[in-house]
J.: 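Just passing along the structure, written as structure tokens.
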Amino acid sequence: MLSSLSRQPAVSLRRLHSSHFALQCLRPVSGQSGGSRQSYLHQHQARHVTVRVLNTGAACLQHVQSRDPKQPEFLQAVQEVIESCEPLFQKYSDYIYCLPVICEPERIIQFRVPWVDDKGHTHVNRGFRVQFSQALGPYKGGLRFHPSVNLSVIKFLGFEQIFKNALTQLPLGGAKGGSDFDPKQKSESEILRFCQAFMSELYAHIGPDTDVPAGDIGVGGKEIGFMYGEWKRITARCQGVLTGKGLGWGGSHIRPEATGYGVVYITEMAMKDEFNTSFEGKRVAISGSGNVAQYTAEKVIQLGGTVISFSDSDGSIVEPKGFSEAQYKQLFKLKAAGKRCRDYTKISKTCQYHPGERPWKKVENVDVALPSATQNEVDGEDAAALIASGCQFVAEGANMPSTPEALTMFTEKIPLYIPAKAANAGGVAVSGLEMAQNSQREIWSREVVDRKLWGIMADIYDQIKTTAFDLDRPNDYVLGANAAGYKKVADAMFDQGHPLRSWDLPVVEKSEPL
């Protein structure tokens, strides 16, 4: 329908809040009726102007698909939220009116990032910041530096961030940003010049009460430091405009560990609550080998579990009898030095290396799977392999790591499946705590921050469990996470008038031609 839009006479709409409706002014169609009540079509006979109300999830999804047909990651994220939240819309019908609004970013910032390499050659990358929702607080979300970054990826991440941040119960909006710059194989001076060039544009759009970025894939403490230094140089201010800072200059204890620790905390809470078990003695498959994977493994081992795998973009490593504490620390030293998982095989005689492979089909007798690498890393075949290996518990450390097929299999066949919005919210939770410490000019102890993190993850578990039960889908934590986060954001949007909670069908009045 949208592709057939043509220029039509202006239409004046009375008692119509644009946030509730998508308006389509179509070509006049001779003899066309007023439309069915089911789809709430209202037609002005003289002008044959159709006003379509997006009052169902399917209609809203179709509208988003028609506007952004070439953004597969974003469409996947939107479809998952809409389809999973159908029980919410059926029981509390007013919430549907926020859907067209919440699926559209408040603003999108795209800019070029020219920088000079060590040989004097100039390169140009693209920079992005998608500020999706400020309903609950200042925009909050990470920066990703990776060759796969494009607008679709950043929009999907920002959309997910809205609901994840809402689950923390902290006053945080949702955003995401980054660049298609690849920091791998770059010198420190090249990374510095890129970060300075990136921040020279981004600085105008962020601030401690506006938008507070953090790290993500390709953006660690070093990159945060370089960008923070440039922001301070440009603005002559010293404020908490970024999180993930070094502990000596405004950072927080537990921030590097937070996402991984949070994944393990909420998983063990659910395991104990529903199955009277824990990580003790469990065989745990982990993907990735970056920040999230490392601290997920650390906490699993502390709780008595056995970690059997890691991976990176080149391949996977498996220790059939599990990584000892000494072995996983050796691996992390290699990664800190810029090495790859394959380099670990030089120091372990028992390690199995699988080039170009994810770990899911290579591990055996798995009890718990914690995908912690990147989006869509677990497909249907991977999910089937995990189920066949005996996996009973899945929690997502990465953002949207499961394809739609894998997600369906997990929800139907895995006794406990905790999606990313709930499972990996620990990182942004401690970022919010870092913002609080910056505002108060305080540094909380490691024990205080860890205790607050545990409490936030416990509250998230309670939210997703209670919400799923309220919607007559007990233990459906995909529904629980999406609906609980959506409700909190939608309630704030209603209170702020974007949109109104009640509505009337539009009245179309006579208008003058263009």
J.: Contact between P138 and D211 at the side-chain level, heavy atoms closer than 4.5 Å - yes or no?
T.: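 No, side chains not in contact.
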J.: Considering non-hydrogen atoms only, spot the tightest contact between G260 and T296 and give its length.
T.: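 The pair with the smallest heavy-atom distance is CA-OG1, 3.1 Å.
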J.: Charged N to carboxylate O under 4.0 angstrom, K176 versus E160?
T.: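 Here K176 does not pair with E160 in a salt bridge, since their nearest N and O are not under 4.0 Å apart.
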J.: Suppose we call two aromatic rings close when their centres sit under 6.0 Å apart. Are F145 and F194 close by that rule?
T.: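 Between F194 and F145, which both carry aromatic rings, the centre distance is below 6.0 Å.
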J.: Please report whether the ring centroid of F198 lies less than 6.0 Å from that of F111.
T.: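 Yes, ring centres under 6.0 Å apart.
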J.: Quick check: are there more than 12 heavy atoms from other residues, nucleotides or ligands sitting under 6.0 Å from CZ of R340?
T.: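 More than 12 heavy atoms, drawn from other residues, nucleotides or ligands, come within 6.0 Å of this atom.
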J.: Angle between ring planes, Y228 versus W231, binned at 30° and 60°: parallel, tilted or perpendicular?
T.: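 Rings of Y228 and W231: parallel, as their planes differ by under 30°.
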J.: Could you please spell out the steps behind the side-chain hydrogen bond (donor to acceptor under 3.5 Å, both in side chains) verdict for E230 and S200?
T.: CA-CA 7 Å; E230 182 68 3; S200 70; 5.7 Å; no
J.: Do K245 and E434 meet the salt-bridge criterion of a basic N to acidic O distance under 4.0 Å?
T.: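 Salt bridge between E434 and K245, a charged N being under 4.0 Å from a carboxylate O: yes.
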J.: Which heavy atom in S431 sits nearest to a heavy atom in K140, and how many Å separate them?
T.: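 That would be CB-CE, 3.6 Å.
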J.: Given N125 and S179, is the side-chain hydrogen bond (donor to acceptor under 3.5 Å, both in side chains) satisfied, shown in steps?
T.: CA-CA 7 Å; N125 287 93; S179 174; 4.6 Å; no
J.: Taking 4.0 angstrom as the limit, do R446 and E257 come out as a salt bridge?
T.: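 Yes, this pair counts.
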J.: Ring centres under 6.0 Å, that's the criterion: do F410 and Y477 meet it?
T.: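 Between F410 and Y477, the centre distance exceeds or equals 6.0 Å.
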J.: Side chain to side chain contact (heavy atoms under 4.5 Å, CB included) between Q375 and Q76: does it pass, once the steps are laid out?
T.: CA-CA 11 Å; Q375 69 266 15; Q76 179 184 338; over 6 Å; no
J.: Quick check: do V263 and K299 have side-chain heavy atoms less than 4.5 Å from each other?
T.: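 V263 vs K299: side chains apart.
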J.: Is it true that atom CD of Q302 has more than 12 heavy atoms of other residues, nucleotides or ligands lying nearer than 6.0 Å?
T.: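 Count over threshold, so yes.
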J.: To the nearest 0.5 angstrom, please state how far the OG atom of S133 sits from the CD atom of Q161.
T.: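 Reported to 0.5 Å precision, the distance equals 11.5 Å.
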J.: With side chains defined as the heavy atoms from C-beta onward, is the minimum distance between T403 and V378 less than 4.5 Å?
T.: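 T403 vs V378: side chains apart.
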J.: Would you mind telling me which of Y353, F310, F323 makes a side chain to side chain contact (heavy atoms under 4.5 Å, CB included) with Y344?
T.: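 Only one option passes, and that is F323.
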J.: Could you check K164 against L172 for side chain to side chain contact (heavy atoms under 4.5 Å, CB included), going step by step and ending with a plain yes or no?
T.: CA-CA 10 Å; K164 181 192 308 184; L172 302 172; over 6 Å; no
J.: Is the number of heavy atoms from other residues, nucleotides or ligands within 6.0 Å of CG (L151) greater than 12?
T.: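 It does: L151 CG has more than 12 such atoms within range.
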J.: Hey, are the side chains of I317 and L331 touching, using non-hydrogen atoms and a 4.5 Å cut-off?
T.: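 Yes - at least one pair of side-chain heavy atoms lies under 4.5 Å apart.
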J.: Could you tell me whether R451 and E447 have a side-chain N and a carboxylate O separated by less than 4.0 Å?
T.: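 No, this pair does not count.
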J.: Does the pair K186 and D118 meet the rule for a salt bridge (charged side-chain N to carboxylate O under 4.0 Å, His left out), with working shown?
T.: CA-CA 9 Å; K186 300 292 193 301; D118 289 340; over 6 Å; no
J.: Tell me if the CD atom of Q440 is crowded by more than 12 foreign heavy atoms within 6.0 Å.
T.: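 Yes.
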J.: Are any of the side-chain nitrogens in E80 or K421 under 4.0 Å away from the carboxylate oxygens of its partner?
T.: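 The answer is yes: the pair qualifies as a salt bridge.
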J.: Report yes if the distance between the aromatic ring centroids of Y261 and W454 is under 6.0 Å, otherwise no.
T.: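 For Y261 and W454, the ring centres are not under 6.0 Å apart.
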J.: Compare every heavy atom of V130 with every heavy atom of P105, then report the nearest pair and how far apart it is.
T.: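 Answer, listing the atom of P105 first, then V130: CB-CG1, 3.8 Å.
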J.: Tell me if the aromatic rings of Y139 and F132 count as close, with their centers under 6.0 Å from one another.
T.: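 No.
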J.: Counting C-beta onward and ignoring hydrogens, is there a side-chain heavy-atom pair between D180 and H146 closer than 4.5 Å?
T.: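 Answer no - side chains too far apart.
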J.: Under a 4.0 Å N-O cut-off, is there an ion pair linking D343 with K335?
T.: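 No, no charged N to carboxylate O under 4.0 Å.
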J.: Under 4.0 Å between a Lys/Arg side-chain N and an Asp/Glu carboxylate O for K155 and D68?
T.: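 Yes.
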J.: Between atom CH2 of W444 and atom CG of D450, what is the distance when rounded to the nearest 0.5 Å?
T.: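 Interatomic distance, W444 CH2 to D450 CG, rounded to 0.5 Å: 13.5 Å.
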